[in-house]
Participant: 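Attaching a single structure in structure tokens format; questions to follow.
Along the sequence shown, the residues carry numbers beginning at 1.
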Amino acid sequence: MNEEYIFKKLSEMCGVSEELIEMIDPIFGDDLGSSRDRVHYGYYCEFPELCELSEDVKDEIFKEEANLKIPFGETEYFSLSTFSEDYNNQVEKDCKNISLTDKINQIINSYQKKELDEIKVHTTYKIKYITEYVRNWLNVAINYTNKIEFIDAMCNAGIYKKGESSTSLNVILLFKNCAINHKNKTFKVILNDYNQKRIDIYKKIIDELYLPNNLYIEFNCQDVVEFLNITRKKYKSYNSAMTLLYVDPYNFGIQDLLSTITKFVDEVYCELIYNFFSSDIKRNCLNESAVNKQKKMIREIQGFIPCYSPEQYEPIEVLYQWQNSIKKTKNIKYSFAYQFRNTKNVEQYYIVYFTPNIKGIEKLKDTIWSVFEGDSSFYFKRRLEDHTLINLFGNTEIDDRIAQESERTIKLLQQYNGHNDFTYEYLEKIVLEKTLLKESQIIKNILKPLIEKKILVKRNKVKTNNFKQDTYGWSEYDESKKKNITL
């Protein structure tokens, strides 16, 4: 704790000098309360009895005529908001740079290493991707609701073997900063893992954080399917929060998981991020040496593709079918899948995103461009090469990606809509779900170039500078030219 901030605030509250507060030397600490539902309520300050003080200190007290303002022999409790934002920032800095690091190392050393996973390169970027999306999502959420919640259905221990923070721990830190700055709003993180030892580790980490009293942490230790079913029933009856559900399994084929997730998003208004292990499908669905695993995975897929057989469907087709099945639920309208590859450039999984609101997918695409610079998939060696090229030659690589995706958008438009007129809203849905482009690139990189080249016509049902409320049609080109359009 930084005593400078404490003494300053207490001197203001008691109407005495900071020097006198320091001489009285009250005991100051964290108020964790009797319940663990709230990890951190605020702070307490325990003042000594007047008779316990030295004569010199008593003389100073009476000089300031402040003895009646100081609650001698009493314990005062304060919420986090009692202290300034500067103080809270200092606490966070101290906690993050010194004590939290030390405490995490102590926690790691007190448990067997087998309870903690090694972090892999693609996992590091997966965490970075989702963390950055949550940061963008929060900026929207705080303007729409007073309750914001994140659910991690398979949270692990919160840290990896060398102390690296997990996705949900990063989210908690983001929620913490947001909660401090928005004291009139409520934030909640619900964590679940089937392994009690991992939950115990996570609880110890949370105990070391300085969390504001409008941020709640809930721990559960259940099978993921059981947890989602119980949580769904709770949310169905009372949920009014803006909620993001995150499910990150170790593999594909957990019995009834996909159907349980589908039911959850059908009944609970929320966004969903799911780790779809396409490599597991490819490796096991045709593996007749592991018949039980093969049957289990096939049965799971047949929950949304009744006629599925491994010989007929590639993993990417299974993914598309599952995305479509989720989009048939009551709430979900948009989806996007981003591919991750390992260090050998072999496909590992897709991080699949679902949302009821177009604002969500707009923020997701912004995240892809800020984290991966619009690359079609994550592959670590290519990321290193791209950064080298960009440093040497500028943004040529990025410009090429934008041009390629713009070309692709034209073909998709004609594939899905023929040569009929279309709205900006229709174009945006195709761009955000079917290409890597983001919303801010639609007008600059698609509409304006096509209009200038007289490939598209703006119908001008609104003002000429209003692109988003207008309708567009194809110019009077012959069919052969329409099939070979270049920007």
Participant: What distance do Lys438 atom NZ and Ser370 atom OG have between them, rounded to the nearest 0.5 Å?
Facilitator: 7.5 Å
Participant: Could you check whether the rings of Phe276 and Tyr274 sit parallel, tilted or perpendicular, using 30° and 60° as the cut-offs?
Facilitator: perpendicular
Participant: Taking all heavy atoms of Asp266 and all of Asn331, pick out the closest pair and write down the distance.
Facilitator: O-ND2, 3.4 Å
Participant: Could you measure the distance from the CD1 atom of Ile281 to the CD atom of Glu347? Nearest 0.5 Å is fine.
Facilitator: 9.0 Å
Participant: When you look at NZ of Lys282, are more than 12 heavy atoms from neighbouring residues, nucleotides or ligands closer to it than 6.0 Å?
Facilitator: no
Participant: Tell me if the NZ atom of Lys458 is crowded by more than 12 foreign heavy atoms within 6.0 Å.
Facilitator: yes
Participant: Looking only at atom types and distance, does a side-chain atom of Asn229 sit under 3.5 Å from a main-chain N or O of Val225, one as donor and one as acceptor?
Facilitator: yes
Participant: Could you check whether Thr471 and Asp421, counting side-chain N and O atoms only, form a donor-acceptor pair closer than 3.5 Å?
Facilitator: no
Participant: Over all heavy atoms of both residues, which pair between Cys270 and Phe264 is shortest? Give the atoms and the distance, please.
Facilitator: SG-CE2, 3.9 Å
Participant: Heavy-atom distance under 4.5 Å between the side chains of Asn417 and Tyr426, does that happen here?
Facilitator: yes
Participant: Val171 pairs by side-chain contact (heavy atoms from CB on, under 4.5 Å) with which of Val134, Leu244, Leu191?
Facilitator: Val134
Participant: Do Leu211 and Ile217 make a side-chain contact, defined as non-hydrogen atoms from C-beta onward lying under 4.5 Å apart?
Facilitator: yes
Participant: Using 30° and 60° as the class boundaries, would you call the ring planes of Phe304 and Trp322 parallel, tilted or perpendicular?
Facilitator: tilted
Participant: Which of these passes side-chain hydrogen bond (donor to acceptor under 3.5 Å, both in side chains) with Tyr133: Glu271, Lys363, Lys128?
Facilitator: Glu271
Participant: What's the separation between atom NZ in Lys468 and atom CG in Leu427, rounded to the nearest 0.5 Å?
Facilitator: 11.5 Å
Participant: I'd like to know if the side chain of Thr123 and the backbone of Ile119 have a donor-acceptor N/O pair within less than 3.5 Å.
Facilitator: no
Participant: Under 3.5 Å, is there a donor-acceptor pair between the Tyr246 and Asp248 side chains?
Facilitator: yes
Participant: More than 12 non-hydrogen atoms from neighbouring residues, nucleotides or ligands closer than 6.0 Å to NZ on Lys327, yes or no?
Facilitator: yes
Participant: For Asn342 and Val346, indicate whether the former's side chain and the latter's backbone hold a donor-acceptor pair under 3.5 Å.
Facilitator: yes
Participant: Kindly determine whether Lys429 and Glu433 satisfy salt bridge (charged side-chain N to carboxylate O under 4.0 Å, His left out), including the steps that lead there.
Facilitator: CA-CA 6 Å; Lys429 182 175 173 62; Glu433 288 197 288; 2.8 Å; yes
Participant: State the NZ-CG distance between Lys197 and Leu116, to the nearest 0.5 angstrom.
Facilitator: 11.5 Å
Participant: Can you name the nearest heavy-atom pair linking Arg341 to His122, along with the distance?
Facilitator: O-CB, 3.9 Å
Participant: Is any side-chain heavy atom of Ile316 closer than 4.5 Å to a side-chain heavy atom of Tyr350?
Facilitator: yes
Participant: Can you say whether the rings of Phe340 and Tyr349 are parallel (under 30°), tilted (30 to 60°) or perpendicular (over 60°)?
Facilitator: parallel
Participant: How far apart are the closest heavy atoms of Lys263 and Arg232, and which atoms are they?
Facilitator: O-CD, 3.7 Å
Participant: Supply the atom-to-atom distance Gln415 CD to Lys434 NZ, rounded to the nearest 0.5 angstrom.
Facilitator: 8.5 Å
Participant: Has Glu300 got a side-chain atom pairing as donor or acceptor with Leu257's backbone, closer than 3.5 angstrom?
Facilitator: yes
Participant: Around atom CD of Glu226, are there more than 12 heavy atoms from other residues, nucleotides or ligands closer than 6.0 Å?
Facilitator: yes
Participant: Does the side chain of Asn220 pick up a donor-acceptor pair with the side chain of Tyr194 at under 3.5 Å?
Facilitator: no
Participant: Do the side-chain N and O atoms of Asp117 and Asn156 include a donor-acceptor pair separated by under 3.5 angstrom?
Facilitator: yes
Participant: Answer whether the closest heavy-atom distance between the side chains of Leu437 and Ile442 falls below 4.5 Å.
Facilitator: no
Participant: Using the six-membered ring wherever Trp is involved, compare the ring planes of Tyr338 and Tyr129 and label them parallel, tilted or perpendicular (cut-offs 30° and 60°).
Facilitator: tilted
Participant: Using side-chain heavy atoms (C-beta onward) and a distance below 4.5 Å, is Ile446 in contact with Gln441?
Facilitator: no
Participant: Side-chain contact, heavy-atom cut-off 4.5 Å: Gln404 with Glu407?
Facilitator: no
Participant: Within this structure, what is the CD-NZ distance for the pair Gln294 and Lys296, rounded to the nearest 0.5 Å?
Facilitator: 12.5 Å
Participant: Is it true that, when you exclude Lys185 itself, more than 12 heavy atoms of the residues, nucleotides or ligands shown sit nearer than 6.0 Å to its NZ?
Facilitator: yes
Participant: Looking only at side chains, do Ser335 and Gln323 share a donor and an acceptor under 3.5 Å apart?
Facilitator: yes
Participant: Identify the heavy atoms of Ile148 and Ala141 that sit nearest to each other, and give their distance.
Facilitator: CD1-CB, 3.8 Å
Participant: Between Asp375 and Arg401, does a salt bridge (charged side-chain N to carboxylate O under 4.0 Å, His left out) hold up when you go through it step by step?
Facilitator: CA-CA 7 Å; Asp375 205 350; Arg401 285 175 194 153; 3.7 Å; yes
Participant: So with a 6.0 Å cut-off around OH of Tyr250, is the heavy-atom count from everything else above 12?
Facilitator: yes
Participant: Show your reasoning for whether side-chain contact (heavy atoms from CB on, under 4.5 Å) applies to Phe336 and Lys365.
Facilitator: CA-CA 9 Å; Phe336 189 81; Lys365 299 304 278 295; 4.0 Å; yes
Participant: For residues Lys330 and Glu267, determine if any side-chain heavy atom of one lies less than 4.5 Å from a side-chain heavy atom of the other.
Facilitator: no
Participant: Looking at Ser406 and Ile402, would you say the former's side chain and the latter's main chain have a donor-acceptor pair under 3.5 Å?
Facilitator: yes
Participant: Please work out which of the three classes, parallel, tilted or perpendicular, describes the rings of Tyr202 and Phe219, given edges at 30° and 60°.
Facilitator: perpendicular
Participant: Are Arg283 and Asp280 close enough, and set up right, to give a salt bridge (charged side-chain N to carboxylate O under 4.0 Å, His left out), and what steps lead you there?
Facilitator: CA-CA 5 Å; Arg283 183 170 54 250; Asp280 216 20; 2.8 Å; yes
Participant: How are the rings of Trp137 and Phe175 set to each other: parallel, tilted or perpendicular (split at 30° and 60°)?
Facilitator: parallel
Participant: A side-chain contact here means heavy atoms from C-beta on lying under 4.5 Å apart; do Asn275 and Val247 qualify?
Facilitator: no
Participant: Is the backbone of Ser325 close enough, under 3.5 Å, to the side chain of Thr329 for a donor and an acceptor to pair up by distance?
Facilitator: no
Participant: Hey, is the main chain of Asn445 close enough, under 3.5 Å, to the side chain of Lys448 for a donor-acceptor pair?
Facilitator: no
Participant: Can you name the nearest heavy-atom pair linking Cys221 to Ile199, along with the distance?
Facilitator: CB-CG1, 4.3 Å
Participant: Is it true that a side-chain atom of Ser475 and a backbone atom of Lys454 form a donor plus acceptor pair closer than 3.5 Å?
Facilitator: yes
